[in-house]
Amino acid sequence: MVDAGALENVNAIFGLHVSPNLPIGVAAGRPSPLMAASGTFEAEIKGKGGHAAIPQHTIDPIIAASNVIVSLQHLVSREADPLDSQVFQTSPELSSVSMRDTIPCLLFSF
């Protein structure tokens, strides 16, 4: 469509999002970015499972994943300008551990 000239004599293009905070029929804007862009990545934390009575023989993926999440949050809270709007969110898929006295070999992917 662009090659066919659909954007000839176009001075501006606006994208709109629906917002439950605005009444029906009202449009809002501001002179700076309003909606966020997002990026995704996938990671899988693997460890070495075992019995909780001998944790020294395991590699606990819960501790590793906790450190990853805290470190990523640190990038947003301490390395970025606090006046820039940034959010870090995880949506982990926890593994099913059937017994309470075990350390899993795979914690989750997020």
Side-chain angles (χ1 to χ4, degrees):
M1 288 178 58
V2 173
D3 290 339
L7 296 179
E8 288 180 15
N9 299 318
V10 173
N11 295 325
I13 297 175
F14 296 92
L16 299 174
H17 290 271
V18 176
S19 175
N21 300 328
L22 297 174
I24 294 173
V26 172
R30 66 180 192 190
S32 61
L34 185 61
M35 297 294 179
S38 66
T40 61
F41 71 93
E42 293 183 16
E44 188 172 87
I45 308 294
K46 291 184 179 182
K48 179 182 172 191
H51 197 281
I54 48 172
Q56 69 275 19
H57 296 289
T58 67
I59 299 171
D60 192 342
I62 296 170
I63 301 300
S66 299
N67 281 305
V68 168
I69 292 170
V70 168
S71 295
L72 289 170
Q73 182 58 45
H74 174 83
L75 292 174
V76 172
S77 66
R78 297 294 181 259
E79 300 295 327
D81 184 339
L83 299 178
D84 290 339
S85 178
Q86 298 184 21
V87 175
F88 170 72
Q89 175 185 350
T90 59
S91 299
E93 297 176 18
L94 299 174
S95 70
S96 58
V97 179
S98 59
M99 297 166 40
R100 293 182 183 197
D101 59 351
T102 62
I103 294 173
C105 60
L106 172 65
L107 175 63
F108 63 73
S109 59
F110 62 98

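- The hydrophobic cluster containing I59 does not contain I69, counting ILVMFWY residues as joined when their side-chain heavy atoms lie under 4.5 angstrom apart, directly or transitively.
- Side chains of N67 and V70 form no contact here, defined as non-hydrogen atoms less than 4.5 Å apart.
- The NZ atom of K48 sits 8.0 Å away from the NE2 atom of H57 when rounded to the nearest 0.5 Å.
- Following chains of ILVMFWY side-chain contacts shorter than 4.5 Å, one cannot reach M1 starting from V10, and the two form parts of different hydrophobic clusters.
- A side-chain contact (heavy atoms from CB on, under 4.5 Å) with I103 is found for one member of I63, I62, D60 and no other, namely D60.
- Considering all non-hydrogen atoms of both residues, T58 and P55 come closest at OG1-O, 2.7 Å.
- E8 pairs by the side-chain contact (heavy atoms from CB on, under 4.5 Å) definition with nothing, not counting sequence neighbours.
- Pairing each heavy atom of G47 with each of P61, the nearest pair is N-CB, 4.0 Å.
- Take Q56 and apply the side-chain hydrogen bond (donor to acceptor under 3.5 Å, both in side chains) test, not counting sequence neighbours, and it matches no residue.
- In this structure, S71 contributes its side chain and V68 its backbone to no donor-acceptor pair below 3.5 Å.
- Cluster note: I54 groups with no other residue, as no ILVMFWY side-chain heavy atom lies under 4.5 Å from it.
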